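Reckoned from all heavy atoms, side chains included, excluding hydrogens, waters and symmetry mates. Numbering of ligands and ligand atoms starts at 1, following listing order. Source: prediction; values computed, not measured.
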Amino acid sequence: MATIDLGRTAHEHAAALRAGEYSARALAEATLARVRAQDGDLNAYITFTDELALQQADAADAALRAGQGGPLTGIPVGVKDLIGTKGVRTTAASKMLGNFIPPYDATVAQRLNASGAVTIGKTNLDEFAMGSSTEHSAFGPTKNPWDLTRVPGGSSGGSAATVAARGVPIALGTDTGGSIRQPAALCGILGLKPTYGRVSRWGVVAFASSLDQVGPFARDAEDAAALLGAVAGHDPMDSTSAPLPVPDFTERFGRGLDGLRVGVPSDFFGEGLEDGVREALERSIDVLAANGAVINRDITLPTAQAGLTVYYIIAPSEASANLARYDGVKYGYSYLDGRNAEDEMSQTRGRGFGAEVKRRIMLGTYALSAGYYDAYYLKAQKVRTLIRREFDAALEQVDVILTPTSPNVAFRLNEKLDDPLAMYLNDLYTIPVNIAGNPGVSLPCGFSEGLPVGMQLIGRMFEESTLLGAARGFEGVTDWHRQAPPERG
Ligand code: GLN
């Protein structure tokens with residue numbers, strides 16, 4: 001059989017599978033061989049799921065032979081190792097869950113399986129999704145396929161790196177403050193954080209429950225729409241999931257950029273933004289305008305600046321409560337040689353969690369403690385309401401808000417590891433979107449210093465289709481999404 005072109009998108013593979021050019025099994029085998037070969041360099045995976053993949057591929061082939069199946073039938077996918085998968089180790093990149101095998105699938109994993117997709121493996125991340133570089137992983141850092149001395153971003157760095165490297169065409173990530181969009185930007189692919197409530201969180205290891213969302217990585221808008229369509233929708237098991245119908249996320253693909261109202265807030269182009277990133281963004285704004293988009297530079301989001309501060313109160317507070325469950329008794333890592341029960345619990349947590357996770361637990365416990373609650377947590381919630389209103393008001397005047405995704409291109413491994421504040425600043429532009437709850441997408445829009453630059457588009461609540469329609473329009477007039485990192489190995 002001819003070698004399979006693994007640089008194809010999911011929809012290109014889907015057409016080839018349907019035409020009988022190759023089987024889902026052959027595609028799965030070729031994909032597994034490629035991602036394993038790449039992983040010596042990238043370390044994008046924590047676990048490969050060969051057995052599951054081949055089983056799913058055979059089922060996909062049977063469905064395809066029967067003329068059944070959908071856009072993802074037989075398509076290889078990577079799954080962030082924060083998403084619970086039945087019978088498959090789910091680690092959250094933590095020693096705490098290093099040997100944890102969930103007895104059930106997260107709702108998104110169930111839906112992915114039902115779509116006919118083929119799970120290739122569980123991808124690397126910052127421990128419990130806390131970080132912006134995938135360096136805080138108990139399984140070692142993931143590398144950026146564009147430059148192996150640089151980070152892929154984080155926390156969903158494994159998913160971003162393997163999609164960028166043409167290992168798998170699509171992958172799932174999670175985004176609490178930027179963990180899909182920022183690594184998508186740093187790796188030169190598309191990453192979308194859905195509206196809070198669009199996708200079920202049930203069975204996903206919890207970080208900050210009022211902010212966490214699962215979403216797709218892909219190389220174009222069509223594949224992102226297919227993956228989001230497969231996992232989105234109301235779930236009675238998650239009380240924060242929205243009881244809304246799931247639209248066809250390609251519904252705005254025909255519209256192009258003509259008449260699209262794009263707001264460009266100067267608040268997001270200030271201090272700290274690298275010149276090369278700013279220039280790539282400005283050129284892209286010109287491309288949008290030249291193709292009929294209406295650029296509005298009058299919208300402002302002054303309070304969104306406070307997003308980072310608000311986030312580093314709310315997210316650690318929720319994390320400190322969510323991570324209280326890792327006590328060495330219920331499941332996960334357990335230190336059994338202590339002097340007494342209390343000592344064993346503290347040894348379990350002391351040895352099981354990494355430094356960044358401990359930092360978050362301490363910050364959150366402090367912010368929630370009696371006497372400080374009103375000053376920090378309550379105040380942060382009030383500012384959160386103001387930020388949400390500000391986004392709503394701006395999005396009455398425009399269809400999408402355009403900002404940089406990250407203030408910088410991919411930075412070097414170890415560069416920010418000892419400076420948590422510098423690390424936190426990476427999410428300056430993505431975090432306000434989680435605080436407000438709106439959907440956001442990052443698209444490749446150019447290069448600076450030979451590294452990819454991402455453009456963030458923010459939409460109205462539950463208007464992911466508008467974002468994907470705009471992304472599709474931009475893809476139609478540029479070819480940034482077709483740029484591939486160097487082949488290795
Ligand atoms: N980098 C941010 C943090 O460390 C966001 C992480 C995320 O979105 N999961 O909390």
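At a heavy-atom cutoff of 4.0 Å, ligand 1 is surrounded by A129, M130, G131, S132, S155, D175, T176, G177, G178, S179, F207, Y311, Y312, R360, D427.
Side chains of D212 and T174: no donor on one and acceptor on the other come within 3.5 Å.
Between Y429 and F268, the ring planes lie tilted relative to each other; the angle falls in the 30° to 60° range.
Within the model, atoms OH of Y333 and NZ of K95 stand 4.0 Å from one another, a figure rounded to the nearest 0.5 Å.
Evaluation of the side-chain hydrogen bond (donor to acceptor under 3.5 Å, both in side chains) test over residues 303-315, restricted to residues two or more places apart or in two chains, returns T303-E390.
With K122 as reference, T85 is the one residue of T47, T85, T49, T91 to meet the side-chain hydrogen bond (donor to acceptor under 3.5 Å, both in side chains) rule.
For R36 and F48, the positive end sits near the middle of the six-membered ring, less than 6.0 Å away and at most 45° from its axis.
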